[in-house]
Amino acid sequence: MADPRPIGVFDSGVGGLSVVAALEAALPAESIVYLGDTARLPYGTKSPQTVERYALSAARALVAEGVKMVVIACNTASAVALDAVRRALAPVPVVGVVEPGAAAAVATGARRVLVLATEGTIRGGAYERAIAHMAPDVEVVGVACPLFVALAEEGWTCGEIPVQIARHYLQAHLSPRPDAIVLGCTHFPLLSGVVAEVAGPAVRLVDSAETTARRISAELHATGLAAARRGSGGLVLLATDGAERFARVGSRFLARPIGARDVRIVNLP
Ligand code: DGL
């Protein structure tokens, strides 16, 4: 049975639009409602209790929009709040990005993996646990790279300063050389060029967007929730603050222009 209701996707800001781009490519029949909690960004420096509260209110706002599934397209919220959001929303299915990202890293066959993420994601050790569950022999080293979020937001993603910052974060972890680096934050795919420059060509970079899209596709089909043909909704964009900034910065993550008038501002409790 086809289900035309939209998929709900949220992130602390615009970074999760990279997951939306992968979803649109993998599932062109699906409509999407995206919520960027820009008023409360960043999540990555906040306590787990605060991130859980924010994630619950964002997820509930999407359910109120009539979505059939919620995707937590934020590594920090997936790392600390996935179980709480699943419990609160049941029976609505909830998919996070950490487990698909971990699966993508394991699929490279890497024996030594660096995970680059926010402080909140690294502190909780979610990637270490997810990778250990799938491949106990893989060595995982987590590196918090908080300045990468600001660089990606600024669009300052190449040149001397971003390379120096990447070197500062990575240098101590490049010997012995990792086989794979997980870009474990929705903002970091924009910095893949500088990370690759510092890490060298032999290191595989892993981004969870495509793996997450495949996971969502499998879950929609397994549960009979997939849409049959393109719904009338397309992509609806919601933000909790700053439509103009959301449109300007978000265009880079979605890889197509967004107009500020296409962004509806909502208030979350
Ligand atoms: N969306 C966050 C993540 O993927 C990065 C930005 C933030 O700190 O809120 O971890």
Side-chain angles (χ1 to χ4, degrees), residues 8-23 34-59 62 70-82 84-85 94-102 104-105 114-130 142-157 165 169 181-192 195 205-213 237-242 245-246 249-250 252-254 268:
V9 181
F10 78 88
D11 180 26
S12 55
V14 292
L17 288 168
S18 56
V19 175
V20 169
L23 261 180
Y34 181 86
L35 170 60
D37 192 7
T38 40
R40 304 193 286 200
L41 176 119
Y43 283 9
T45 52
K46 309 251 161 54
S47 69
Q49 294 77 5
T50 298
V51 173
E52 184 175 307
R53 186 158 51 83
Y54 290 174
L56 284 169
S57 69
L62 286 171
V70 168
V71 179
I72 308 181
C74 171
N75 285 264
T76 310
S78 298
V80 305
L82 179 63
V85 175
V94 179
V95 175
V97 286
V98 167
E99 210 262 340
L114 280 193
V115 176
L116 311 186
T118 64
E119 290 169 74
T121 301
I122 297 300
R123 198 188 320 118
Y127 270 99
E128 281 91 333
R129 276 196 305 281
V143 185
C145 307
L147 283 177
F148 278 2
V149 175
L151 289 173
E153 288 269 325
E154 282 296 312
W156 198 1
T157 54
I165 292 171
Y169 286 138
I181 294 182
V182 177
L183 302 173
C185 170
T186 51
H187 281 64
F188 295 1
L190 290 193
L191 288 143
S192 57
V195 172
L205 296 195
V206 176
D207 150 16
S208 60
E210 276 172 31
T211 335
T212 303
L237 296 170
L238 311 176
T240 50
D241 192 38
R245 183 176 168 85
F246 181 102
V249 183
R252 289 186 210 121
F253 289 89
L254 193 58
L268 298 185

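First listed ligand is number 1; within each ligand, the first listed atom is number 1.
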Looking only at side-chain N and O atoms, does T240 offer a donor or acceptor that is under 3.5 Å from a partner on D37?
yes

May I ask you to check whether T186 and D11 show a side-chain donor-acceptor distance below 3.5 Å?
yes

Could you tell me if the side chain of Y34 sits less than 4.5 Å from the side chain of V19, heavy atoms only?
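No. Closest side-chain heavy atoms not under 4.5 Å.
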
Can you check whether E153 reaches L41 side chain to side chain, under 4.5 Å on heavy atoms?
yes

Every pair of nitrogen or oxygen atoms between ligand 1 and the protein that is under 3.5 angstrom apart - can you list them with their distances to 0.1 Å?
| unit_1 | atom_1 | unit_2 | atom_2 | d |
| --- | --- | --- | --- | --- |
| ligand 1 | 1 (N) | D11 | OD1 | 2.6 |
| ligand 1 | 1 (N) | S12 | OG | 3.0 |
| ligand 1 | 1 (N) | T186 | OG1 | 3.0 |
| ligand 1 | 4 (O) | N75 | N | 2.9 |
| ligand 1 | 4 (O) | T186 | N | 3.0 |
| ligand 1 | 4 (O) | T186 | OG1 | 3.2 |
| ligand 1 | 8 (O) | Y43 | N | 3.4 |
| ligand 1 | 8 (O) | G44 | N | 2.8 |
| ligand 1 | 9 (O) | S12 | OG | 2.6 |
| ligand 1 | 9 (O) | Y43 | N | 2.7 |
| ligand 1 | 10 (O) | T76 | N | 3.1 |
| ligand 1 | 10 (O) | T76 | OG1 | 2.6 |

Taking only residues two or more places apart in sequence or in another chain, which ones pass side-chain contact (heavy atoms from CB on, under 4.5 Å) with A213?
A22, L23, A26

CD of E210: more than 12 outside heavy atoms within 6.0 angstrom?
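Atom CD in E210 is not crowded, with 12 or fewer foreign heavy atoms closer than 6.0 Å.
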
